[in-house]
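Notes follow once the structure below has been shown.
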Amino acid sequence: MSEPQSTPVRTRVAPSPTGDPHVGTAYIALFNWAFAKRHGGQFVLRLEDTDQARSSAASERMIQESLRWVGIDWDEGPDVGGPHGPYRQSERLSIYAEHVQTLLDGGHAFHCFCTPERLDAMRAEQRAAGETTRYDGHCLGISAEEATRRIEAGGAHVVRMRVPEEGVCRFEDVLRGEIEIPYSQIDMQVLVKGDGFPTYHLAVVVDDHLMGITHVLRGEEWINSVPKHVLLHEYFGWTMPQQVHLPLLRNKDQSKLSKRKNPTSINYFRDIGILPEALVNYLGLMGWSMPDEREIFTPQELSEAMDLARISLGGPIFDLDKLSWLNGQYLRALSREEFAARVVQWMLNDERVGQLVPLVQERTEKLSDLAPQVDYLIGERRSLSQEDFEALKIDGETCARILDHTLRALDELREWERDAIFSTCQQLSEFLELKLRDYLKPLFLAVSGKHVSLPLFDSMVFLGSDVTRMRIRDALNVIGVSKKAAKRLEKNYAAFAARATS
Ligand code: GLU
């Protein structure tokens, strides 16, 4: 496996630009990059932006910036171009349309006119009977002529793929050997949505093929989708790229790494002063160990040693303490000049200081007043205790509610800007029947570690969404929420969310 291969190796990372740049994306990118480099091949960045409602240009930009920040570059991609472009799926719609037509013509796909109500009822029935919910084939019998007539009459529809009723899908995963999944577990997947956009499954198969991808290294959460991809390859008469499903990153409690429990955005690690070379090194330790077991290495060294057989499948734990330790190793190895340069790059630069000035200038008598006012903005905030919250004279349950609901609402916020944060908090304070002033007290404490601090919403904007949310999460842990109370909080928040969307 470690010998250079005869066909040029081509790998890709295919993030969906729907939020913060996730460490999982950098992890998958790193292994694809290293594998391609090891074999003298190419590495492609493709943006899977077929979810129109959730994709954003800001997320796209952050993904590219953050990958470059950790030192991963690509041979082909939306910004650098290449012979297999466009590399943004929303710009490839005509390619998908052509391929769907081939599937329809071959009888491998069909138009489905089922209404959401019918599909809901179908699923409810299946659930009641204890079955897995899947499409029941209702529209399979519609002839091509009838489908055309209904489409011309403006009938809302999607395109679904055919899936055999029986039999087993068998495929090879380079790390796991043969995997078998019965077709009875596979849904007649929607390939083209009502808005005319392809779904992931169609786009990924078409693009990997047309872009000449030879090895697909991606997270193990995609294994169950492979049978759909196997079928689509058969329908098109194409050969599958090799499948390599890397182990998922996990929280300390073994659950899938999630922003509910851990910071997951690369921006967070940048903002707290983790060096990019330490972060990328740490990601290289996820499921991988160097032949000589050394823990400090560069992406280049990783690529030179890259051998898929060395990847271990036990879920790697993304451990912030271990990352900090590694970062310390890197920081201490810097020269004095380089260390100083990093501090400037990180925070003590015109841009960051410039963002602080409007918050502090009016509140300052001497320049030296500055540091104590902004300590929690440029450094970690002090640790909190239960007594800190008791001193607020707001009962524990209410405090927990405020923090929990704010955290949940901020998790869902798409734009991290002052007005949006403010209006979220205002709505929540009304929902909780609290004066805004009281509602904000525990938040001031959670964010700044102080009872009186610089303006809260500006502080949150300066800190960024990840650091802010991490601090609120930490405050909730300090208060302590029992399992029973957590259930109540969840239910109560659901009532707020339902009210907010109605
Ligand atoms: N767009 C998918 C994602 O966001 C890509 C999965 C794949 O690599 O096939 O993870």
Side-chain angles (χ1 to χ4, degrees), residues 9-36 42-56 58-64 66-67 72 74 76-78 84 86-93 96 161 171-176 179 181 189-191 193 197-233 238 240-249 256-259 264-266 283 286-287 308 311:
V9 165
R10 285 175 60 81
T11 63
R12 54 38 168 208
V13 70
S16 300
T18 55
D20 293 331
H22 200 280
V23 281
T25 302
Y27 156 66
I28 300 289
L30 173 66
F31 280 81
N32 275 284
W33 177 93
F35 184 73
Q42 287 109 34
F43 169 61
V44 177
L45 171 68
R46 181 174 71 227
L47 292 169
E48 302 208 329
D49 60 345
T50 55
D51 185 336
Q52 277 187 288
R54 294 179 57 229
S55 298
S56 74
S59 168
E60 217 182 276
R61 199 179 51 247
M62 287 193 294
I63 289 172
Q64 302 191 45
S66 63
L67 289 178
I72 296 173
W74 40 96
E76 297 167 32
H84 303 277
Y87 294 91
R88 204 179 268 112
Q89 289 187 328
S90 60
E91 293 168 16
R92 300 172 62 81
L93 299 184
Y96 308 125
M161 68 186 280
F171 59 91
E172 279 287 312
D173 177 284
V174 176
L175 306 180
R176 293 153 215 265
I179 295 179
I181 301 180
Q189 175 66 46
V190 172
L191 298 178
K193 296 177 278 189
F197 271 61
T199 56
Y200 159 71
H201 302 280
L202 174 69
V204 79
V205 165
V206 169
D207 288 350
D208 283 346
H209 177 75
L210 296 182
M211 294 182 181
I213 301 302
T214 57
H215 296 74
V216 169
L217 281 72
R218 66 182 151 202
E220 66 184 307
E221 75 267 36
W222 297 102
I223 290 182
N224 289 334
S225 298
V226 177
K228 294 171 186 169
H229 306 174
V230 169
L231 281 174
L232 289 172
H233 278 88
W238 296 340
M240 285 275 277
Q242 298 219 29
Q243 303 288 309
V244 186
H245 289 89
L246 297 170
L248 277 184
L249 304 184
K256 177 180 164 194
L257 187 68
S258 67
K259 67 176 182 182
T264 54
S265 162
I266 298 177
L283 292 173
M286 300 286 101
L308 296 180
I311 292 178

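Atoms considered below: every heavy atom in the structure, side chains included; atoms not considered: hydrogens, waters and symmetry mates. Ligands are counted one by one from 1 in listed order, and the atoms in each one are counted from 1 as well.
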What protein heavy atom is closest to [atom], reported as residue, atom name and distance in Å?
| atom | value |
| --- | --- |
| atom 4 (O) of ligand 1 | Ser16 OG, 3.3 Å |
| atom 9 (O) of ligand 1 | Tyr200 OH, 2.6 Å |
| atom 1 (N) of ligand 1 | Glu48 OE1, 2.6 Å |
| atom 10 (O) of ligand 1 | Trp222 CZ2, 3.5 Å |
| atom 8 (O) of ligand 1 | Arg12 NH1, 2.5 Å |
| atom 5 (C) of ligand 1 | Ala14 O, 3.2 Å |

Review point. Taking side chain as C-beta onward, heavy atoms only, is Pro78 less than 4.5 Å from Gln64?
Key: yes
Check your understanding: Can you list the ligand 1 atoms lying under 4.0 Å from a non-hydrogen atom of Val204?
Key ->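 What qualifies from ligand 1 is 9 (O).
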Side-chain donor or acceptor of [X] paired with backbone N/O of [Y] under 3.5 Å:
| X | Y | result |
| --- | --- | --- |
| Lys193 | Thr50 | yes |
| Ser16 | Glu48 | yes |
| Glu220 | His245 | no |

**Study point:** Donor-acceptor pair between Glu76 and Tyr87 side chains, under 3.5 angstrom
**Key:** yes
**Study point:** Derivation and outcome, ring-ring contact (aromatic ring centres under 6.0 Å, His included), residues Tyr27 and Phe31
**Key:** CA-CA 7 Å; Tyr27 156 66; Phe31 280 81; 5.4 Å; yes
